[in-house]
Every structure is written in C-alpha cells, then in structure tokens.
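A short worksheet on the structure shown next.
These numbers come from the heavy atoms of this one structure, side chains and all, not from hydrogens, waters or symmetry mates. Numbering of residues begins at 1 and proceeds along the displayed sequence.
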Amino acid sequence: MGPFRFVTPFLFASFIFLRLQILDDLELGLNQAIDSGLLIGIINDLFLAIAIGATGRLAWGLLSHKAYTPITILLSCLGWVAVFSNTLYLKHFGSRLDLWIVQTHLKDALHVIDSVIVLGQTPQILTSLGLLSASILSAFFMEKRKDLGARIYHLLVSGVLFLGAFLLRQSPVWENPHIAGALHHPSPVSGQVWVSWYDDLFGKFRDAIWNQDRIKALGGSAPKRLSRQAILEYKSSKKWLRPFPKPKEFEHLHRPNVILIIVESLRSLEWSGELGEKIFPFLKKRLRQGGFEWTQFYSSSLSAGQTVRSIFSTQCSWVPNLGGAATFIRYSTLKIPCLPDEFKKAGYRTLWFNPFRKDYHNKVTFGRLHGMDDFYDGRDFGVLEKGKWGIDQTLFFTKTKIVLSKQNRPFFAQIVTSHTHHPYGGGTYEEYLSRLKETDYTVHQFIEEVSHTHPNTLFIVMGDHSHSQHIQLSGYRRLEAQFRIPIFILSKSKKEYSRFSHPAHQVDLAPTVVGLSGRNSELPWLGKSLFDGGSPFISLEGTQLLIRKDGVSCFNSKCYRSEGLDPLNDDLKPIESQVSNWAREFIDENRAHILLNQIL
C-alpha cells in the first residue's frame with residue numbers, strides 16, 4: 001500500500017481542522033455545533049476530499065501515471081485555499097465567502113496578505129496547513145506500474161470513488177429529508193465553500209429571491225416600473241422624489257465649507273463609555289464644547305468592499321447592494337444623484353482625500369460620475385506609501401490641510417483615513433486601541449487648525465463601518481456591535497452639546513447637510529434628516545438578516561422590542577414581528593433598482 005493512498009485522508013483531516021476553527025470563532029460547543037449541522041459539514045468535507053482524490057486517479061487512467069501527481073496537488077491546493085479563505089472571511093466578517101466576492105475582489109488579494117497572516121496564526125489553521133503539506137508529499141509516492149492494467153484499475157477506482165462521494169453527500173437527505181434544505185442553504189457550520197459556489201453558479205435562479213418580472217429583466221426585457229412598495233415604506237413617504245431643505249439647526253450657516261472625515265473601522269463599542277473617554281480624550285472634549293452627536297447610528301456595510309459600501313450610503317443616501325457586489329465596483333455608472341453632485345451644482349469645489357490609492361475599488365470612476373472634482377492620494381502629495389494601507393496619517397492630514405488652505409471658494413471635502421485598517425500593525429486589540437488614540441489626536445488637531453483658517457466650516461466625523469473583531473459580547477449585543485458606528489458634527493458657531501438617541505443610518509447624512517448647498521432639489525434618496533428621527537437599519541450578511549425599524553430590532557429570526565432602548569446596552573424583551581417579511585421585500589427591490597439602474 002503506497003503512501004499516495006494517504007492523499008485523501010490527510011486532505012480530509014486538513015478540512016476538518018479548518019472547520020474546527022470555524023466552530024471556535026463562532027464559540028459553539030459540540031452539542032450546539034451538531035444542532036447547527038456539523039455532521040453535514042463533515043460529510044461535505046469528506047465529499048470534497050474524495051472527489052479530489054478520484055479526479056487524480058481519473059487523470060491517471062485517462063492520460064498516464066505522470067498526470068496523477070500534478071493534477072492531484074493542483075486540485076488539493078485549490079480546494080484548501082478556497083476553504084481556508086472562507087474560514088478567514090468568516091473569522092473577520094462573520095459571514096461566508098460568496099462566489100461574487102471572489103469574482104469581484106480577487107485582485108485585492110495581495111492587499112490583504114498581512115491580515116491573512118495575522119488571522120491565520122491559530123493552532124487549528126497551522127495544523128491544517130501541515131496536513132495539507134503531508135497530503136501533497138504523499139502524492140509524490142505513487143505506484144510505479146505504468147501498464148494498461150494499472151490505468152484500467154485506476155479508472156474503475158475513480159468511478160467507485162465518484163459514486164461513493166455522490167452517495168455520501170446525498171446520505172443526509174435520504175436519512176432525514178427534513179434537513180435536506182441544509183445542503184442548499186447551509187450554515188457556516190454545515191456548508192462547504194466549493195459546494196456553495198457550485199450552487200451559486202448553477203442554481204442562481206433556483207434560489208433567487210427575485211420574482212419572474214426581475215428574472216425576465218435580467219434577460220433584457222425589463223418591466224417599465226419595478227415594485228417600490230417596500231422602498232416607499234422605508235422612506236415613510238408616498239413620494240419617490242422629495243426635497244431636503246436646510247435643517248433649522250443650520251439656519252445660521254451660510255454656504256459653509258463641509259468636511260466629512262470618515263475614520264476607518266471606528267465603531268461605537270470603543271467610542272462610548274469609560275473606554276471612549278480614555279481613547280478619545282481630545283475629540284470628546286471638543287464635542288462637549290459644542291456639537292451634535294447621534295449615539296445609535298448604523299452602517300449596513302460588513303461584507304467585502306466595506307468602505308466603498310459605506311461611502312455609497314453616505315454620499316448617495318441609498319442602502320448598499322445587500323447580498324451583492326459593492327455599487328462602486330460593479331455598478332459605477334448607476335444613475336443616482338449624490339451629495340458631491342449637489343454641492344458641485346451649487347458652485348462648491350468637491351475634493352476627495354485618500355491615504356491609500358485613490359483608484360482602489362473604483363473610487364475615482366464612481367466619484368467622477370457623481371460630482372467629485374479632485375482626488376488626492378500619496379502620489380499626488382509626492383509621498384511614497386509607508387505601509388500596506390497608505391501614507392503616514394499625520395503627514396496625510398498635513399498635506400490635506402495645505403490643499404484646503406489654497407481653496408478660494410466654498411468646498412465639500414471628503415477625507416477617508418486608513419490608519420486603523422486591519423491588521424493595524426500587529427493585529428492585536430491593544431494595537432487597534434493605540435491607533436484609535438493616535439487618530440483622536442490627529443483628527444482633533446486637524447479640526448482645530450482648519451477651524452482657525454476656515455471658521456465657516458462644518459465638520460462631520462464618523463466611522464465608515466464597524467467590524468466583528470475583538471467583541472467580548474454575546475447574543476444580540478454582539479450582532480448589534482458589528483453595525484454601530486459613531487457620528488458627530490462640529491462647527492465653530494456651535495457652543496453647546498446636543499445629544500440624540502434615536503436610531504439613524506448612514507443614508508441620513510446626505511439629507512441632513514445637502515440643504516447647506518443652497519439648492520432645494522427633489523431627490524430619490526432613502527434617508528431623512530438626522531434631526532427628523534432617522535431611518536431604519538437593515539443589513540444582510542450571508543444568511544444573517546438584521547433590522548431595526550419602528551421600535552423593533554430583529555437579529556435573524558428573533559425580534560425584540562427596542563423602542564426607547566439601546567440594544568447595545570439594554571435588555572430587550574422578545575416579541576413576535578413580521579418586519580422580516582418587509583425587509584426581504586426591501587432587499588429584493590433595492591437590489592433590483594441598482595442592478596437595472598432604475599433609481600432615476
């Protein structure tokens with residue numbers, strides 16, 4: 001019995017250790033894991049390992065013995081890399097790695113290699129890598145027989161293995177038909193990424209949430225009018241186009257400069273409470289001297305392309321393409337008026353500052369088509385990138401301040417930071433907090449200096465998105481923390497602190513400040529002014545549906561009464577609610593309007 005016969009067992013074992021990493025990340029005990037479909041997940045892993053081994057033997061039988069080793073090694077590596085990538089994606093984002101993410105973001109792989117290294121240094125993953133290496137080495141020690149009999153033997157064995165793999169994967173269905181759906185709608189515990197990708201490719205319309213009109217539209221015969229019922233309910237309006245006048249809180253401001261500072265991975269968990277006072281002493285003090293703050297503010301962006309998803313919501317007052325590719329990347333020509341459009345039409349100069357490449361994730365293309373005049377990154381400043389995610393933060397703000405000092409008319413400037421992008425140095429929580437503290441000082445200094453040279457300036461500071469790392473919470477509080485971000489507005493003329501505790505969303509920012517442009521355009525935006533109560537929160541990450549609407553918070557299938565409460569800090573009482581049905585209709589309509597370019 002040659003060592004090559006251990007290829008499949010070693011490969012299967014490597015998949016099992018990656019699955020153990022998933023269980024560890026989800027903090028599931030054995031009984032909980034079994035209830036979540038662990039046995040089906042193990043069967044899926046064995047199915048993939050057997051299929052790879054059988055393909056190698058098939059190549060031996062159809063081609064020659066020389067084909068076995070390279071084909072087996074190639075397929076083993078591809079299979080392992082996919083499962084490994086899914087494991088890390090789930091570890092970082094909390095949802096599975098869908099096929100569209102791979103198709104859209106494969107070119108970004110080299111930019112996240114440092115995060116991969118940090119996240120991949122666990123005993124389970126390192127053991128899995130060792131087992132993969134053993135599987136690869138085993139493939140070199142094949143039998144020496146080259147005759148026709150050997151080829152026929154391996155053809156027969158491959159046939160038996162393929163049949164066995166098929167019967168194995170179907171066994172849960174035959175044994176218990178009630179769990180058959182888990183094969184087609186797997187959880188992170190029961191799923192296998194290659195199987196999921198196969199279903200994404202060949203079962204696209206079988207499980208599509210779109211109705212027949214939208215499926216026909218995908219074939220080129222789009223209906224004249226898409227359903228808008230759920231979207232209008234989100235707006236709390238019967239009108240598709242609405243004006244967004246200047247809020248009375250800003251009546252004293254006349255054509256001010258507007259600077260939007262979007263801080264990478266800044267979330268409410270660190271901003272609030274005693275920890276926030278220690279990490280953000282400068283910005284907290286400045287806010288108490290005079291500013292507006294919203295303490296229950298949401299971003300719907302957690303999957304790949306997080307920052308450009310959040311910027312799309314912020315600039316264009318529209319919920320991101322939930323369950324699909326980021327609008328900036330896949331649908332950059334989408335016809336929708338955005339905040340830079342309105343300021344530009346009002347005679348403002350519009351500028352976008354990036355410490356990392358300005359063309360990353362299609363920012364320049366989308367921005368140019370939606371009102372941005374000028375883009376800056378380290379290359380425009382004549383500075384080489386210091387780290388993986390751009391130039392030094394202090395230097396970045398210094399260079400940005402110099403550009404703004406040269407503006408001779410009102411401007412709208414968007415500044416996106418990257419200093420706190422994962423893995424923020426060593427990837428530890430302490431390093432993350434350290435970089436947040438550095439950002440607190442740098443942003444505060446920038447605001448103070450620009451306020452001195454440009455007193456008629458409104459500053460908006462917010463996080464781009466939250467994240468799922470380093471959350472020592474459980475249940476609905478953990479899910480809530482993954483979408484909550486800080487936001488506050490400062491100006492030199494605001495002399496007292498105003499705090500708002502009603503829920504609001506990134507789509508509400510553009511309607512809040514667009515009136516400062518002096519225009520009164522009627523726009524198709526989803527949001528409302530932050531001063532008028534805020535809009536519902538909704539997010540879909542894999543199979544994870546989260547909603548907050550009309551005093552109800554839903555986390556997957558469980559709903560709670562949250563009116564007048566804070567889900568991050570308060571105990572919520574469970575209730576029955578049908579809001580999830582509306583949410584799925586909204587996601588359907590939202591995706592269809594983006595896909596078919598029918599917002600306008």
Practice task
Kindly indicate, with the supporting measurements, whether the criterion salt bridge (charged side-chain N to carboxylate O under 4.0 Å, His left out) is fulfilled by R548 and E563.
Solution key: CA-CA 10 Å; R548 189 169 186 190; E563 187 171 8; over 6 Å; no
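- Residues D570 and R477 are not paired through a salt bridge, judged by the lack of any N-O separation under 4.0 Å between the basic side chain and the carboxylate.
- The aromatic rings of F356 and Y360 stand perpendicular to each other, their planes meeting at an angle above 60°, with 30° marking the opposite boundary.
- The minimum heavy-atom distance linking Y476 with L572 is given by the pair OH-N, 2.9 Å.
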Problem - Residue pair H505, S300: steps toward the side chain to side chain contact (heavy atoms under 4.5 Å, CB included) verdict - result: CA-CA 8 Å; H505 191 279; S300 292; 2.7 Å; yes
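- In this structure, CD1 on I16 lies 14.0 Å from CD on Q21, to the nearest 0.5 angstrom.
- What you find for A583 and I547 is that their closest heavy atoms are CB-CD1, 3.5 Å.
- Nearest heavy atom pair, residue G79 against residue W194, reads CA-NE1, 3.2 Å.
- To the nearest 0.5 Å, atom CD1 of residue I52 and atom CZ of residue F47 are 10.0 Å apart.
- The closest donor-acceptor contact from the side chain of S562 to the backbone of L565 lies at 3.5 Å or more, if one exists at all.
- The backbone N or O of I117 lies less than 3.5 Å from a partner atom in the side chain of Q121, making a donor-acceptor pair.
- Panel note: side chain N556, backbone L545; a donor-acceptor pair is recorded below 3.5 Å.
- The side-chain contact (heavy atoms from CB on, under 4.5 Å) test with I538 singles out one residue from V579, I587, N590, and that residue is I587.
- Residue H467 holds its NE2 atom at 11.5 Å from CD1 of I485, rounded to the nearest 0.5 Å.
- In terms of modelled atom types and a separation under 3.5 Å, the side chain of T428 and the main chain of E431 share a donor-acceptor contact.
- No donor-acceptor distance shorter than 3.5 angstrom exists from the side chain of H361 to the backbone of K363, with no hydrogens or angles considered.
- A ring-ring contact (aromatic ring centres under 6.0 Å, His included) with F483 holds for exactly one of F555, Y298, F537; it is F537.
- Side-chain atoms of R561 and V552, non-hydrogen and from C-beta on, do get closer than 4.5 Å to each other.
- A cation-pi contact, defined as under 6.0 Å to the ring centre and within 45° of the axis, is absent between R484 and F297.
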Practice task
Determine, stepwise, if the pair F586 / L526 fulfils side chain to side chain contact (heavy atoms under 4.5 Å, CB included).
Solution key: CA-CA 12 Å; F586 172 83; L526 295 181; 4.0 Å; yes
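- For the pair N321 (side chain) and R591 (backbone), a donor-acceptor distance under 3.5 Å is absent.
- Remark: side-chain polar atoms of S301 are paired, donor with acceptor, to backbone N or O of S310 under 3.5 angstrom.
- D45 contributes atom CG, which lies 12.5 Å from atom CZ of F17 (distance to the nearest 0.5 angstrom).
- The nearest pair of heavy atoms linking S227 to H593 is O-CE1, 3.3 Å.
- A donor-acceptor contact shorter than 3.5 Å links the side chain of T69 to the backbone of A139.
- Comment: E576 does not engage K558 in a salt bridge, judged by the lack of any side-chain N to carboxylate O separation of less than 4.0 angstrom.
- Ring planes of F312 and F328: perpendicular class, angle over 60° (limits at 30 and 60°).
- E585 is linked by a side chain to side chain donor-acceptor pair (under 3.5 Å) to nothing, counting only residues two or more places apart in sequence or in another chain.
- Remark: the backbone N or O of V83 is paired with a side-chain donor or acceptor of T87 at under 3.5 angstrom.
- For the residue pair I231 and E589, the shortest heavy atom distance occurs at N-OE1, 3.1 Å.
- Here the straight-line distance linking atom CD1 of I311 with atom CD of Q306 works out to 12.0 Å at 0.5 Å rounding.
- Contact detail for L119 and T122: the closest heavy-atom pair is O-CG2, 3.7 Å.
- S14 places no side-chain N or O within 3.5 Å of a backbone atom of L132 that could act as its donor or acceptor partner.
- In this structure, CD1 on I42 lies 4.0 Å from CG on L38, to the nearest 0.5 angstrom.
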